[in-house]
**Q** 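My questions all concern the structure below.
As the structure lists them, so they are numbered: ligands from 1, and atoms in each ligand from 1. For reference, positions follow the sequence shown, starting with 1. This structure is a prediction, so every number in the text was calculated from the model and none was measured.
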Amino acid sequence: MPTLAQLDRKYVWHPFTQMRDWLRREPIVIAAGRGAVLIDTKGREYLDANSSIWTNLHGHRQPAIDAALKRQLGKIAHSSALGLASGPASLLAAQLIRLASPSPRQKPRRVFFSDDGSTAMEAALKMAYEFARRSGQSRKPRFLSLASAYHGDTVGAVSLGHIDRFHRAYRGLLFQTDSVMAPFCYRCPFNRARPERADARLGRKCQWECAGLLERKFSAQKKKGRPYAAFVFEPLIQGAAGMVPQPEGWLQRAADMARGHGALLVADEVMTGFCRTGPMFACQKESVSPDLMALAKGMTGGYLPMAATLASAAVFDAFLGDYAECKTFFHGHSYTANQLGSAAALASLRLLQSSASVRARRELQKVLGDSLQSLWRLPAVGDIRQVGLIAGVELVRNWRTRQPYPWRERVGIRVCEALARRGVLTRPAGNVIVLMPPYCATPAQIRRMVSALAESVEEICGSAL
Ligand SMILES: *Cc1c(COP(=O)(O)O)cnc(C)c1O
């Protein structure tokens with residue numbers, strides 16, 4: 001009998017993985033999970049330090065979600081949303097709308113369900129495209145998104161993204177979108193201090209040059225007579241770019257500009273949604289109310305693949321008409337509005353809003369921030385960035401000059417391999433090590449993640465100052 005590891009190596013093709021490297025080593029085969037812990041087939045325990053790629057919110061085998069799924073299994077697992085409604089999906093849509101539009105001034109929205117972050121963005125993209133055409137703005141609407149943006153791996157989502165290495169591989173397949181510099185205070189090309197910092201000792205005073213670039217981009221396009229149909233962004237923090245937070249106030253400025261120039265706001269909350277950054281949705285921190293919002297990853301608490309695109313009333317209305325007008329939104333997937341997924345999402349939303357969970361998140365955020373301070377003593381640590389329960393530790397060859405490690409050295413990957421040997425699992429974004437613990441993690445578990453990271457960085461990058 002072949003072992004499970006042998007079967008994997010013989011038959012499975014892993015995502016974002018150089019399979020030649022994969023085949024050289026024994027894979028970790030996960031057999032079970034409990035809270036923030038993953039257990040492999042040999043009985044070894046690991047901390048799930050990136051919440052299983054940013055999806056898991058309350059830990060594995062969470063009793064309330066398990067129970068909700070069992071209850072739903074006693075009724076039905078799936079029925080189609082093409083032509084049929086279902087209880088869990090209707091309840092979930094109502095909840096999502098309520099949570100996304102806390103103020104009654106904001107227009108009601110609609111929920112379009114799909115399967116993952118990429119499909120949620122793909123739906124948003126098509127909605128924005130058709131909306132712009134129907135409102136007479138342009139026959140070929142153009143999109144503006146941020147440099148280093150990541151919005152998923154389907155062709156439309158990759159077109160909206162601007163991570164060079166992914167983009168280059170498929171250039172011939174993609175459609176043209178424009179990009180604008182994203183704020184990145186640690187590597188600010190204008191050498192400014194952070195705008196929220198009262199004293200500006202670390203650089204000349206920030207004049208929001210990055211926001212100025214954005215304004216110029218919108219104006220230039222308008223002058224050409226082809227204003228942007230939509231501005232697409234990851235709110236508060238760009239994930240795959242390397243956990244790059246936006247300075248306080250940037251999002252609101254950017255949103256005001258986009259609105260001023262008549263562009264739809266498309267918020268990709270796939271990573272930031274469901275209290276990752278603090279509020280239910282990151283946009284709420286800066287009182288930004290997007291026209292389209294994509295949700296996925298944490299939506300079912302990390303249990304099942306399910307996603308949603310929330311649309312404003314105006315966007316929704318653009319798709320209403322007589323059958324023969326063909327204004328229908330011609331888009332959908334087999335598992336859209338899956339009943340099991342909806343049941344898990346409803347249970348997860350209940351947990352998220354419980355006062356115990358709110359309190360735990362607040363405490364963990366502080367514990368994470370405090371523990372991370374211990375990493376500053378390591379010379380390879382160039383920057384430590386944290387937004388809510390998302391942390392990124394950027395490793396650099398020289399912290400004085402901020403010189404990065406060349407990507408070919410695979411420093412991020414090697415540090416994560418060293419972490420795995422210490423019983424902590426995560427994945428890097430380039431040379432940035434990501435810590436994104438599930439909300440059920442204990443303070444002791446968070447401290448263990450950070451101390452294992454310190455040891456791993458010392459092992460791979462050295463400790464001499
Ligand atoms: C992960 C991610 C996506 C893609 O989601 P998938 O579920 O992997 O398709 C899109 N946008 C952001 C911001 C993400 O982090």
**Q** Using the six-membered ring wherever Trp is involved, compare the ring planes of F218 and Y228 and label them parallel, tilted or perpendicular (cut-offs 30° and 60°).
**A** perpendicular
**Q** Parallel, tilted or perpendicular, judged at 30° and 60°: which one describes the rings of F319 and F329?
**A** perpendicular
**Q** Heavy atoms under 4.0 Å from ligand 1: which residues qualify?
**A**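 The 4.0 Å shell around ligand 1 contains W54, D116, G117, S118, Y150, H151, G152, E234, D268, V270, M271, K297.
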**Q** If we ignore angles and hydrogens, is there a donor and acceptor under 3.5 Å between the side chains of S357 and R361?
**A**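 Indeed, the side chains of S357 and R361 share at least one donor-acceptor pair under 3.5 Å.
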**Q** Do NZ/NE/NH1/NH2 and the carboxylate oxygens of R133 and E130 come within less than 4.0 Å?
**A**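 Yes, this pair counts.
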**Q** Below 6.0 angstrom between ring centroids: does that apply to H60 and H58?
**A**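 Distance test on ring centres: not under 6.0 Å, no.
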**Q** Tell me the ring pair (Phe, Tyr, Trp, His ring centres under 6.0 Å) pairs involving residues 266-291, sequence neighbours left out?
**A**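 Listed once each, the pairs are F274-F281.
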